[in-house]
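Notes to accompany the following structure.
Residue indices begin at 1 and follow the sequence shown. Any value given below was found using the heavy atoms of this structure, including those in side chains, with hydrogens, waters and symmetry copies removed.
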Amino acid sequence: IRKLKLPIPPIITQQAIVQFFNDTYHLKQQKESSARSLLAGIDNYLLQQLGITLPEKKNHLSSKTFIVNFNQLTGVRFDPKPFEKYYTDLQIAISNSGYKLNKLKNIITHLSSGDWGIDDSPVYSDDFERCLVIRSTEFDNEYNLMLDSKRVKYRLINREKLLKLDLQRNDILIEKSGGSPDQPVGRVAILDSSLGTLNKFCFSNFIHKIRCDQSKVDAEYLYFLLRSFHTIGLTETLQSQTNGIRNLMMKSYLDLTIPIPPLEKQSEIVAHINSVRQKAHQLQSEAAAILGNAKQEIEK
(Lines give C-alpha, C1' and ligand atoms only; values in the text may rest on other atoms or scores of the structure.)
Protein backbone atom coordinates (compact mmCIF):
# COMPACT_ATOMS: atom_id res chain seq x y z
CA ILE A 1 0.00 0.00 0.00
CA ARG A 2 2.88 2.37 0.80
CA LYS A 3 4.06 2.07 -2.81
CA LEU A 4 0.77 3.31 -4.28
CA LYS A 5 1.08 6.49 -6.35
CA LEU A 6 -1.58 9.05 -5.34
CA PRO A 7 -2.57 11.99 -7.56
CA ILE A 8 -2.44 15.13 -5.43
CA PRO A 9 -4.13 18.05 -7.20
CA PRO A 10 -4.06 21.56 -5.71
CA ILE A 11 -6.01 21.96 -2.44
CA ILE A 12 -8.66 24.05 -4.19
CA THR A 13 -9.27 21.18 -6.65
CA GLN A 14 -9.44 18.67 -3.80
CA GLN A 15 -11.98 20.84 -1.99
CA ALA A 16 -14.04 21.19 -5.16
CA ILE A 17 -14.10 17.41 -5.58
CA VAL A 18 -15.16 16.88 -1.94
CA GLN A 19 -17.88 19.52 -2.26
CA PHE A 20 -19.10 17.99 -5.52
CA PHE A 21 -19.27 14.52 -3.98
CA ASN A 22 -21.07 15.75 -0.85
CA ASP A 23 -23.62 17.69 -2.93
CA THR A 24 -24.19 14.65 -5.11
CA TYR A 25 -24.60 12.34 -2.13
CA HIS A 26 -27.09 14.76 -0.55
CA LEU A 27 -29.10 14.79 -3.80
CA LYS A 28 -29.07 10.97 -3.82
CA GLN A 29 -30.41 10.90 -0.26
CA GLN A 30 -33.14 13.41 -1.16
CA LYS A 31 -34.36 11.27 -4.05
CA GLU A 32 -34.32 8.11 -1.93
CA SER A 33 -36.23 9.91 0.83
CA SER A 34 -38.84 11.16 -1.67
CA ALA A 35 -39.24 7.62 -3.03
CA ARG A 36 -39.76 6.21 0.49
CA SER A 37 -42.34 8.90 1.24
CA LEU A 38 -44.29 8.09 -1.92
CA LEU A 39 -44.33 4.37 -1.13
CA ALA A 40 -45.22 4.95 2.53
CA GLY A 41 -48.23 7.04 1.48
CA ILE A 42 -49.82 4.24 -0.55
CA ASP A 43 -51.43 2.50 2.43
CA ASN A 44 -52.89 5.77 3.73
CA TYR A 45 -54.28 6.56 0.27
CA LEU A 46 -55.89 3.12 -0.12
CA LEU A 47 -57.42 3.09 3.36
CA GLN A 48 -58.68 6.66 2.89
CA GLN A 49 -60.32 5.73 -0.42
CA LEU A 50 -62.09 2.86 1.35
CA GLY A 51 -63.17 5.02 4.27
CA ILE A 52 -61.08 3.04 6.76
CA THR A 53 -59.67 5.05 9.68
CA LEU A 54 -56.96 3.26 11.62
CA PRO A 55 -57.57 3.13 15.37
CA GLU A 56 -55.01 4.63 17.70
CA LYS A 57 -52.54 2.25 19.30
CA LYS A 58 -52.50 2.77 23.06
CA ASN A 59 -50.08 1.22 25.53
CA HIS A 60 -51.85 1.87 28.82
CA LEU A 61 -53.22 -1.05 30.81
CA SER A 62 -56.89 -0.45 30.04
CA SER A 63 -56.27 -1.01 26.31
CA LYS A 64 -54.62 -4.37 27.06
CA THR A 65 -57.31 -5.63 29.40
CA PHE A 66 -60.43 -7.18 27.89
CA ILE A 67 -63.10 -9.82 28.35
CA VAL A 68 -63.79 -12.52 25.77
CA ASN A 69 -66.87 -14.75 25.80
CA PHE A 70 -66.13 -18.47 25.76
CA ASN A 71 -68.23 -19.02 22.62
CA GLN A 72 -65.83 -16.71 20.74
CA LEU A 73 -62.95 -19.06 21.60
CA THR A 74 -64.67 -22.33 20.78
CA GLY A 75 -62.79 -24.09 18.00
CA VAL A 76 -60.02 -21.48 17.67
CA ARG A 77 -56.59 -20.85 19.20
CA PHE A 78 -56.51 -19.47 22.74
CA ASP A 79 -54.59 -16.40 21.72
CA PRO A 80 -55.09 -12.91 23.21
CA LYS A 81 -53.74 -11.06 20.16
CA PRO A 82 -56.92 -11.06 18.00
CA PHE A 83 -58.96 -9.76 20.96
CA GLU A 84 -56.76 -6.77 21.84
CA LYS A 85 -58.66 -3.49 21.51
CA TYR A 86 -56.56 -2.18 18.61
CA TYR A 87 -57.28 -5.25 16.48
CA THR A 88 -60.97 -5.47 17.33
CA ASP A 89 -61.30 -1.75 16.52
CA LEU A 90 -59.40 -2.36 13.27
CA GLN A 91 -61.86 -5.09 12.26
CA ILE A 92 -64.76 -2.74 13.03
CA ALA A 93 -63.13 0.03 10.96
CA ILE A 94 -62.81 -2.33 7.97
CA SER A 95 -66.43 -3.47 8.34
CA ASN A 96 -67.57 0.18 8.42
CA SER A 97 -65.80 1.10 5.19
CA GLY A 98 -69.09 1.93 3.47
CA TYR A 99 -68.58 -0.49 0.60
CA LYS A 100 -69.95 -3.97 -0.01
CA LEU A 101 -68.14 -6.59 2.08
CA ASN A 102 -67.28 -10.21 1.41
CA LYS A 103 -65.05 -12.88 2.89
CA LEU A 104 -61.81 -13.47 1.00
CA LYS A 105 -62.73 -17.15 0.55
CA ASN A 106 -65.94 -16.16 -1.25
CA ILE A 107 -64.15 -14.21 -4.01
CA ILE A 108 -61.55 -16.91 -4.77
CA THR A 109 -61.94 -19.27 -7.71
CA HIS A 110 -58.74 -21.31 -7.25
CA LEU A 111 -56.19 -21.86 -4.49
CA SER A 112 -53.27 -24.23 -3.98
CA SER A 113 -50.23 -24.91 -1.83
CA GLY A 114 -46.77 -24.80 -3.36
CA ASP A 115 -44.17 -27.49 -3.93
CA TRP A 116 -40.43 -27.47 -3.23
CA GLY A 117 -39.77 -30.34 -5.66
CA ILE A 118 -36.44 -32.19 -5.82
CA ASP A 119 -32.84 -31.15 -6.45
CA ASP A 120 -32.03 -29.88 -9.90
CA SER A 121 -30.10 -32.42 -11.95
CA PRO A 122 -29.14 -32.75 -15.61
CA VAL A 123 -30.64 -36.25 -15.52
CA TYR A 124 -34.35 -36.38 -14.91
CA SER A 125 -37.33 -38.23 -16.34
CA ASP A 126 -40.21 -36.89 -18.39
CA ASP A 127 -42.27 -36.80 -15.17
CA PHE A 128 -40.48 -33.62 -14.00
CA GLU A 129 -40.11 -30.06 -15.24
CA ARG A 130 -37.19 -27.77 -14.35
CA CYS A 131 -38.72 -24.64 -12.81
CA LEU A 132 -37.66 -21.48 -11.03
CA VAL A 133 -39.22 -21.87 -7.58
CA ILE A 134 -40.38 -18.60 -6.02
CA ARG A 135 -39.55 -18.44 -2.30
CA SER A 136 -40.40 -16.00 0.48
CA THR A 137 -36.94 -14.47 0.09
CA GLU A 138 -37.99 -13.24 -3.37
CA PHE A 139 -40.84 -11.16 -1.91
CA ASP A 140 -39.83 -7.51 -2.19
CA ASN A 141 -41.24 -5.32 0.61
CA GLU A 142 -41.35 -2.24 -1.64
CA TYR A 143 -42.68 -3.50 -4.96
CA ASN A 144 -43.45 -7.10 -5.88
CA LEU A 145 -41.01 -9.92 -6.61
CA MET A 146 -37.24 -9.45 -6.81
CA LEU A 147 -35.84 -12.34 -8.83
CA ASP A 148 -32.06 -11.95 -8.61
CA SER A 149 -30.52 -14.22 -11.25
CA LYS A 150 -27.61 -15.02 -8.91
CA ARG A 151 -29.83 -16.13 -6.02
CA VAL A 152 -32.90 -17.80 -7.56
CA LYS A 153 -33.37 -21.54 -7.11
CA TYR A 154 -34.27 -24.03 -9.83
CA ARG A 155 -35.87 -27.31 -8.79
CA LEU A 156 -37.49 -30.28 -10.49
CA ILE A 157 -41.28 -30.24 -10.10
CA ASN A 158 -43.59 -33.13 -10.88
CA ARG A 159 -45.61 -32.31 -14.02
CA GLU A 160 -48.89 -33.48 -12.47
CA LYS A 161 -48.28 -31.16 -9.51
CA LEU A 162 -47.57 -28.29 -11.91
CA LEU A 163 -50.94 -28.85 -13.56
CA LYS A 164 -52.66 -28.63 -10.17
CA LEU A 165 -50.78 -25.43 -9.30
CA ASP A 166 -52.09 -23.96 -12.57
CA LEU A 167 -50.16 -20.68 -12.48
CA GLN A 168 -51.85 -17.86 -14.35
CA ARG A 169 -51.33 -14.13 -14.77
CA ASN A 170 -52.70 -12.09 -11.81
CA ASP A 171 -52.59 -15.02 -9.39
CA ILE A 172 -51.62 -13.80 -5.90
CA LEU A 173 -48.95 -15.53 -3.82
CA ILE A 174 -49.20 -15.41 -0.01
CA GLU A 175 -46.26 -16.05 2.32
CA LYS A 176 -47.73 -18.58 4.76
CA SER A 177 -44.54 -19.60 6.62
CA GLY A 178 -41.41 -17.66 7.53
CA GLY A 179 -41.44 -14.11 8.82
CA SER A 180 -39.03 -12.70 11.40
CA PRO A 181 -39.22 -11.04 14.85
CA ASP A 182 -39.92 -7.64 13.26
CA GLN A 183 -41.81 -8.83 10.18
CA PRO A 184 -45.08 -10.78 10.46
CA VAL A 185 -45.77 -13.54 8.00
CA GLY A 186 -48.39 -12.84 5.32
CA ARG A 187 -46.57 -10.78 2.68
CA VAL A 188 -48.07 -11.01 -0.81
CA ALA A 189 -46.90 -10.90 -4.42
CA ILE A 190 -48.72 -10.91 -7.74
CA LEU A 191 -47.76 -12.78 -10.91
CA ASP A 192 -47.67 -9.84 -13.30
CA SER A 193 -46.39 -9.40 -16.86
CA SER A 194 -42.82 -8.70 -15.68
CA LEU A 195 -42.33 -12.46 -15.18
CA GLY A 196 -42.92 -13.33 -18.84
CA THR A 197 -44.44 -16.76 -19.50
CA LEU A 198 -45.32 -18.69 -16.36
CA ASN A 199 -44.88 -22.26 -17.57
CA LYS A 200 -41.35 -22.42 -16.12
CA PHE A 201 -42.28 -21.04 -12.69
CA CYS A 202 -43.37 -22.70 -9.46
CA PHE A 203 -43.61 -21.60 -5.83
CA SER A 204 -42.38 -23.23 -2.64
CA ASN A 205 -44.39 -25.11 -0.02
CA PHE A 206 -44.02 -22.05 2.27
CA ILE A 207 -46.29 -20.13 -0.10
CA HIS A 208 -50.02 -20.35 -0.90
CA LYS A 209 -51.61 -19.21 -4.16
CA ILE A 210 -55.05 -17.70 -4.67
CA ARG A 211 -56.91 -16.56 -7.77
CA CYS A 212 -59.77 -14.11 -7.40
CA ASP A 213 -63.00 -13.88 -9.35
CA GLN A 214 -62.25 -10.86 -11.55
CA SER A 215 -65.94 -10.32 -12.24
CA LYS A 216 -66.16 -9.28 -8.56
CA VAL A 217 -62.73 -7.87 -7.75
CA ASP A 218 -59.72 -6.55 -9.66
CA ALA A 219 -56.71 -8.78 -8.90
CA GLU A 220 -54.34 -5.82 -8.51
CA TYR A 221 -56.78 -4.07 -6.17
CA LEU A 222 -56.95 -7.21 -4.00
CA TYR A 223 -53.16 -7.49 -4.07
CA PHE A 224 -52.70 -3.89 -2.91
CA LEU A 225 -55.36 -4.32 -0.22
CA LEU A 226 -53.77 -7.51 1.16
CA ARG A 227 -50.39 -5.73 1.17
CA SER A 228 -51.93 -2.93 3.23
CA PHE A 229 -53.54 -5.41 5.62
CA HIS A 230 -50.07 -6.84 6.24
CA THR A 231 -48.51 -3.39 6.67
CA ILE A 232 -51.05 -2.25 9.27
CA GLY A 233 -50.49 -5.43 11.28
CA LEU A 234 -53.70 -7.31 10.61
CA THR A 235 -51.89 -10.56 9.79
CA GLU A 236 -50.20 -10.49 13.22
CA THR A 237 -53.52 -11.78 14.61
CA LEU A 238 -53.56 -14.65 12.10
CA GLN A 239 -50.23 -16.32 12.76
CA SER A 240 -48.84 -18.97 15.04
CA GLN A 241 -45.21 -19.66 15.87
CA THR A 242 -43.49 -23.02 16.20
CA ASN A 243 -39.74 -23.73 16.32
CA GLY A 244 -38.91 -20.13 15.44
CA ILE A 245 -41.03 -20.15 12.26
CA ARG A 246 -44.20 -18.11 11.96
CA ASN A 247 -47.14 -19.78 10.22
CA LEU A 248 -50.16 -18.05 8.74
CA MET A 249 -53.41 -19.71 9.76
CA MET A 250 -54.88 -19.97 6.27
CA LYS A 251 -58.43 -20.74 7.44
CA SER A 252 -58.49 -17.48 9.42
CA TYR A 253 -56.76 -15.60 6.61
CA LEU A 254 -59.39 -16.72 4.10
CA ASP A 255 -62.03 -15.40 6.51
CA LEU A 256 -60.66 -11.85 6.18
CA THR A 257 -63.33 -9.23 5.46
CA ILE A 258 -62.70 -7.57 2.07
CA PRO A 259 -64.29 -4.20 1.18
CA ILE A 260 -65.33 -4.36 -2.49
CA PRO A 261 -65.99 -1.01 -4.20
CA PRO A 262 -67.45 -0.97 -7.75
CA LEU A 263 -64.97 -2.23 -10.36
CA GLU A 264 -64.58 1.30 -11.75
CA LYS A 265 -63.47 2.54 -8.33
CA GLN A 266 -61.09 -0.40 -7.96
CA SER A 267 -59.52 0.44 -11.34
CA GLU A 268 -59.13 4.08 -10.28
CA ILE A 269 -57.35 3.01 -7.08
CA VAL A 270 -55.07 0.62 -8.97
CA ALA A 271 -54.14 3.28 -11.56
CA HIS A 272 -53.24 5.81 -8.87
CA ILE A 273 -51.12 3.36 -6.85
CA ASN A 274 -49.28 2.16 -9.97
CA SER A 275 -48.57 5.79 -10.88
CA VAL A 276 -47.12 6.46 -7.41
CA ARG A 277 -45.01 3.30 -7.52
CA GLN A 278 -43.70 4.21 -10.96
CA LYS A 279 -42.64 7.68 -9.71
CA ALA A 280 -40.94 6.12 -6.67
CA HIS A 281 -39.12 3.59 -8.85
CA GLN A 282 -37.94 6.36 -11.17
CA LEU A 283 -36.57 8.34 -8.20
CA GLN A 284 -34.76 5.26 -6.90
CA SER A 285 -33.25 4.61 -10.35
CA GLU A 286 -32.07 8.22 -10.55
CA ALA A 287 -30.59 7.98 -7.05
CA ALA A 288 -28.72 4.79 -7.95
CA ALA A 289 -27.24 6.43 -11.06
CA ILE A 290 -26.16 9.64 -9.32
CA LEU A 291 -23.07 8.32 -7.53
CA GLY A 292 -21.91 6.40 -10.60
CA ASN A 293 -22.11 9.56 -12.69
CA ALA A 294 -20.34 11.54 -9.95
CA LYS A 295 -17.49 8.99 -9.90
CA GLN A 296 -17.01 9.44 -13.65
CA GLU A 297 -17.02 13.24 -13.29
CA ILE A 298 -14.44 13.11 -10.48
CA GLU A 299 -12.20 10.84 -12.54
CA LYS A 300 -12.39 13.34 -15.41
Side-chain angles (χ1 to χ4, degrees), residues 104-105 107-180 183-214 217-227 229-230 235 238-240 242-254 256 277:
L104 179 58
K105 63 186 177 185
I107 56 175
I108 290 174
T109 60
H110 186 266
L111 71 165
S112 62
S113 297
D115 193 308
W116 183 230
I118 60 175
D119 285 337
D120 189 10
S121 169
V123 180
Y124 56 91
S125 71
D126 293 337
D127 293 334
F128 290 87
E129 181 80 38
R130 184 175 184 266
C131 295
L132 188 159
V133 180
I134 298 170
R135 304 163 293 168
S136 297
T137 190
E138 269 87 52
F139 282 45
D140 176 23
N141 292 336
E142 287 187 340
Y143 294 101
N144 188 27
L145 290 168
M146 182 65 71
L147 300 177
D148 185 342
S149 59
K150 295 179 182 178
R151 298 180 65 245
V152 294
K153 292 289 289 184
Y154 286 89
R155 305 274 292 177
L156 302 181
I157 310 297
N158 184 277
R159 293 184 190 276
E160 288 187 9
K161 178 64 176 179
L162 272 178
L163 288 175
K164 292 178 181 177
L165 296 179
D166 184 30
L167 284 183
Q168 293 184 19
R169 192 76 61 220
N170 290 324
D171 284 353
I172 296 172
L173 303 181
I174 304 165
E175 175 195 35
K176 68 177 181 180
S177 295
S180 65
Q183 178 175 274
V185 77
R187 292 179 297 164
V188 293
I190 190 168
L191 301 179
D192 58 21
S193 57
S194 66
L195 297 177
T197 56
L198 296 173
N199 59 341
K200 298 296 183 181
F201 283 89
C202 183
F203 53 97
S204 80
N205 52 324
F206 276 20
I207 294 172
H208 210 86
K209 185 208 81 172
I210 62 173
R211 179 180 305 146
C212 64
D213 182 348
Q214 295 215 61
V217 62
D218 184 292
E220 279 191 283
Y221 162 76
L222 181 60
Y223 160 65
F224 290 136
L225 182 63
L226 294 177
R227 275 182 68 99
F229 280 178
H230 177 267
T235 55
L238 309 173
Q239 62 184 12
S240 60
T242 54
N243 301 324
I245 296 178
R246 297 185 178 201
N247 298 294
L248 193 65
M249 296 179 289
M250 287 307 301
K251 183 178 182 299
S252 299
Y253 189 84
L254 295 173
L256 279 173
R277 282 155 61 101

Open item on the list: How close do Gly117 and Ile157 get, counting heavy atoms only, and between which atoms?
Closed with: CA-CD1, 3.6 Å
- [ ] Could you tell me the separation between the CG atom of Leu222 and the CD atom of Glu220, rounded to the nearest 0.5 Å?
- [x] 11.0 Å
Open item on the list: For Lys161, I'd like to know if atom NZ has over 12 heavy atoms of other residues, nucleotides or ligands within 6.0 Å.
Closed with: yes
TODO: Looking only at non-hydrogen atoms, find the nearest pair between Phe128 and Arg159 and report the distance.
DONE: O-NH2, 3.0 Å
Task: Residue pair Asp192 / Asn144, side-chain donor-acceptor N/O under 3.5 Å - done: yes
Open item on the list: Any non-hydrogen side-chain atom of Thr137 less than 4.5 Å from a side-chain atom of Arg151?
Closed with: yes
- [ ] Please identify each residue that fulfils ring pair (Phe, Tyr, Trp, His ring centres under 6.0 Å) with Tyr143, with sequence neighbours left out.
- [x] His281
TODO: Kindly indicate whether the side chain of Tyr223, heavy atoms from C-beta on, has any atom under 4.5 Å from the side chain of Asp218.
DONE: no
Task: Heavy-atom closest pair, residues Glu175 and Pro184 - done: OE1-O, 4.2 Å
- [ ] For the pair Leu226 and Tyr253, evaluate side chain to side chain contact (heavy atoms under 4.5 Å, CB included) and give the outcome as yes or no after the intermediate values.
- [x] CA-CA 10 Å; Leu226 294 177; Tyr253 189 84; 3.5 Å; yes
Open item on the list: Applying side chain to side chain contact (heavy atoms under 4.5 Å, CB included) to Val188 and His230, what does each step give before you reach the verdict?
Closed with: CA-CA 8 Å; Val188 293; His230 177 267; over 6 Å; no
Task: Test: Asp119 and Arg155 ion pair at under 4.0 Å - done: yes
TODO: Please name all residues satisfying side-chain hydrogen bond (donor to acceptor under 3.5 Å, both in side chains) with Asp166, sequence neighbours left out, ordered by chain then number.
DONE: Gln168, Arg211
Open item on the list: Within this structure, what is the CG-CG distance for the pair Leu132 and Leu195, rounded to the nearest 0.5 Å?
Closed with: 9.0 Å
TODO: Taking the side chain as every heavy atom from C-beta outward, state whether Leu173 and Leu191 have any atom pair closer than 4.5 Å.
DONE: yes
Task: Minimum heavy-atom distance Ile134-Ile207, with the two atoms named - done: O-CD1, 3.3 Å
- [ ] Give, for atom CZ of Phe139 and atom CZ of Arg227, the distance between the pair rounded to the nearest 0.5 Å.
- [x] 10.5 Å
Task: Residue pair Cys202 / Leu162: nearest heavy atoms and the distance that separates them - done: CB-CD2, 4.3 Å
Open item on the list: When you measure from the side chain of Lys209 to the backbone of Leu165, do you find a donor-acceptor pair of N or O atoms at a distance under 3.5 Å?
Closed with: yes
Task: For Arg187, the option from Asp140, Asn141, Thr235 that meets side chain to side chain donor-acceptor pair (under 3.5 Å) - done: Asn141
- [ ] Kindly determine whether Leu248 and Arg246 satisfy side chain to side chain contact (heavy atoms under 4.5 Å, CB included), including the steps that lead there.
- [x] CA-CA 7 Å; Leu248 193 65; Arg246 297 185 178 201; over 6 Å; no
Open item on the list: When you compare the side chain of Leu254 with that of Leu111, does any pair of heavy atoms fall below 4.5 Å?
Closed with: yes
- [ ] Might you point out which heavy atoms bring Glu138 and Leu147 nearest each other, and give the distance in Å?
- [x] CG-CD2, 3.3 Å
TODO: Could I get the full list of side chain to side chain contact (heavy atoms under 4.5 Å, CB included) partners for Asn170, not counting sequence neighbours?
DONE: Ile190, Gln214, Ala219
TODO: Output, in order, the C-alpha distance, side-chain angles, deciding distance and verdict of side chain to side chain contact (heavy atoms under 4.5 Å, CB included) for Tyr154 and Val133.
DONE: CA-CA 6 Å; Tyr154 286 89; Val133 180; over 6 Å; no
Task: Spatial distance of atom CG (Asp127) from atom CG (Leu156) [nearest 0.5 Å] - done: 11.0 Å
Task: Asp171 side, atom CG; Phe203 side, atom CZ - distance, nearest 0.5 Å - done: 8.0 Å
TODO: Mind checking the CG-CD spacing from Asp115 to Glu160? Nearest 0.5 Å is all I need.
DONE: 12.0 Å
